[in-house]
Amino acid sequence: MKKFVNDPADVLAEALRGIGAAHPELRVDAENRVILRAEPTRAGKVALVSGGGSGHEPMHGGFVGRGMLDAAAAGEVFTSPTPDQVLAATQAADSGAGVLHIVKNYTGDVLNFEMAAELAAAEGVEVESVLVADDVAVQDSTWTAGRRGTGTTVVLEKIVGALAEEGADLAAVAALARRVSAAGRSMGVALTSCTVPAAGRPTFELPDDEMEVGVGIHGEPGRTRVKLASAREIAKLLVDPIVHDFGDAVGPAIVLLSGLGATPLIEQYLLYGEIAPLLTAAGIDAQRVLIGDYITSLDMAGVSLTVVKADDEMLRLWDAPVVTPGLRWGA
């Protein structure tokens, strides 16, 4: 295993130190492993808090900043943050207007965020939660009860973050978050496994002439393992399940194609060139498209396609300025 690490046990702590050194607009709570905006949440603004296992960067810590999150709790690699971490993030971000927890549907995340919300409520912090469960590849897996949460999380954090910046109250922010979550579908494919530093070996074996269709962002098994195919064939394997799951996919949409950590941008754009006409043929009007590494799986070669059916309010908020380490435009 070749990795830029010192001790595999210290990867998260040392990465957080690097984030703090690189981004003065952020504040890193090293004890609780929480990334926050350097400036406190302004009075009257609903705070957005998310988090999860590390290894998916820039999600979530890279999306802390103006127009998106106020705080993110960083668990160990592919491991949920603890309730104490989420509670620390919630308390630090709250300015009195309440906190929205954005939670991906993995058992550990769900349980730990629920416990943190209960603890925060006991201390007088009003908390609402939204669950993202958008992965059409599976209904159940060993990692979660129900669908896994993937790329819709990024779109949701951007749209809802913009509404919170405008001063909407907690009920309105939570309601929009649930609408976005319900409107999103994702599907992934992997050409290689990833290697967790502490394990020192690939999470799963994948022969050079095969690919995993429907893979999870932690390397969970997908729908099927098939022979390596062309980009044109892979595009269809990504689009068809999403379209089928929507039932009625016709209308405007926000589309995210995220590399999983080791897929060059030239290949991501090549692949999107094959995806775009398939979306059009299904009646999906991709009015906003984002391509790059936004939700990754360490060093996995692969991609995840997300389609969020969007109304006018979602599109307007998507266009609002955002300034975070992992995403920025219009400011």
Side-chain angles (χ1 to χ4, degrees), residues 5-43 45-66 68-104 106-132 149 153 157 161 164 170 196-198 218 295 298 324-326:
V5 301
N6 296 310
D7 184 332
D10 297 332
V11 166
L12 175 56
E14 294 181 348
L16 289 173
R17 187 176 70 204
I19 289 170
H23 297 288
E25 72 274 23
L26 301 178
R27 175 167 61 90
V28 176
D29 176 351
E31 179 180 356
N32 291 300
R33 298 184 174 181
V34 171
I35 299 171
L36 304 129
R37 298 196 200 187
E39 295 296 324
T41 307
R42 73 174 188 271
K45 178 191 173 299
V46 171
L48 269 57
V49 173
S50 193
S54 297
H56 305 302
E57 289 74 21
M59 194 177 75
H60 289 279
F63 300 136
V64 173
R66 181 159 62 88
M68 290 190 77
L69 300 175
D70 294 276
E76 292 291 342
V77 174
F78 293 177
T79 303
S80 172
T82 67
D84 286 345
Q85 285 181 269
V86 179
L87 177 62
T90 302
Q91 292 172 322
D94 178 47
S95 69
V99 177
L100 178 69
H101 283 174
I102 300 169
V103 188
K104 300 187 304 302
Y106 298 93
T107 301
D109 287 4
V110 171
L111 293 175
N112 291 348
F113 271 85
E114 282 181 354
M115 187 175 297
E118 291 172 1
L119 294 170
E123 297 185 9
V125 179
E126 186 179 5
V127 179
E128 289 273 4
S129 296
V130 59
L131 190 67
V132 181
T153 316
E157 289 174 354
L170 182 58
V196 176
H218 306 96
I295 172 170
L298 292 170
T324 75

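Note: hydrogens, waters and symmetry copies are ignored here, and every other heavy atom, side chains too, is used.
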Kindly write out the residues that satisfy side-chain hydrogen bond (donor to acceptor under 3.5 Å, both in side chains) with Glu14, not counting sequence neighbours, or none if the list is empty.
Asn6
Check Tyr106 against Gly149 and note the closest heavy-atom contact, atom names and distance.
OH-O, 3.1 Å
Give a yes or no on this: more than 12 heavy atoms of other residues, nucleotides or ligands lie within 6.0 Å of atom CD of Glu126.
no
Quick one: closest heavy-atom pair of Gly98 and Leu170, and the distance?
CA-CD2, 4.1 Å
Can you name the residues that form a side-chain contact (heavy atoms from CB on, under 4.5 Å) with Leu26, not counting sequence neighbours?
Ile19, His23, Ile35, Val64, Pro325
Can you give me the closest heavy-atom contact between Ala93 and Ala47, atom names plus distance?
O-CB, 3.4 Å
For Asn112 versus Pro81, what's the shortest heavy-atom pair and its separation?
ND2-O, 2.9 Å
My understanding is that only residues two or more places apart in sequence, or in another chain, count here; which of them pass side-chain contact (heavy atoms from CB on, under 4.5 Å) with Asp29?
Glu31, Asn32, Val34, Leu36
The salt bridge (charged side-chain N to carboxylate O under 4.0 Å, His left out) partners of Asp109 (sequence neighbours excluded) come to Lys104
Residue list, side-chain hydrogen bond (donor to acceptor under 3.5 Å, both in side chains) with Thr324, at least two apart or on another chain:
none
Contact between Pro197 and Leu298 at the side-chain level, heavy atoms closer than 4.5 Å - yes or no?
yes
What's the spacing between Arg17 CZ and Asp10 CG if we round to 0.5 Å?
9.0 Å
Identify, with sequence neighbours excluded, every residue that meets side-chain contact (heavy atoms from CB on, under 4.5 Å) alongside Glu114.
Val110, Leu111
Listed partners of Thr153 passing side-chain hydrogen bond (donor to acceptor under 3.5 Å, both in side chains), at least two apart:
none
Can you give me the closest heavy-atom contact between Pro24 and Ala38, atom names plus distance?
O-CB, 3.6 Å
Under 3.5 Å donor-acceptor, Thr90 side chain and Ala88 backbone:
no
For Pro58 versus Gly326, what's the shortest heavy-atom pair and its separation?
CB-CA, 4.0 Å
Rounded distance [0.5 Å steps], CD in Glu25 versus CD in Glu39:
11.0 Å
Among residues at least two apart in sequence or on other chains, which ones pass side-chain hydrogen bond (donor to acceptor under 3.5 Å, both in side chains) with Glu123?
Gln91
Across all chains, not counting sequence neighbours, the salt bridge (charged side-chain N to carboxylate O under 4.0 Å, His left out) partners of Arg42 are Glu165
For the backbone of Ser95 and the side chain of Thr41, can you confirm whether one donor and one acceptor N or O come within less than 3.5 Å of each other?
no
Donor-acceptor under 3.5 Å (Ser80 side chain, Gly52 main chain)
no
According to the salt bridge (charged side-chain N to carboxylate O under 4.0 Å, His left out) rule, which pairs have a member within residues 70-89, sequence neighbours left out?
Arg33-Glu76, Arg37-Asp70, Lys45-Asp70
Set of residues satisfying salt bridge (charged side-chain N to carboxylate O under 4.0 Å, His left out) with respect to Glu57, sequence neighbours excluded:
none
Residues in ring pair (Phe, Tyr, Trp, His ring centres under 6.0 Å) contact with His101, at least two apart in sequence or another chain:
Phe113
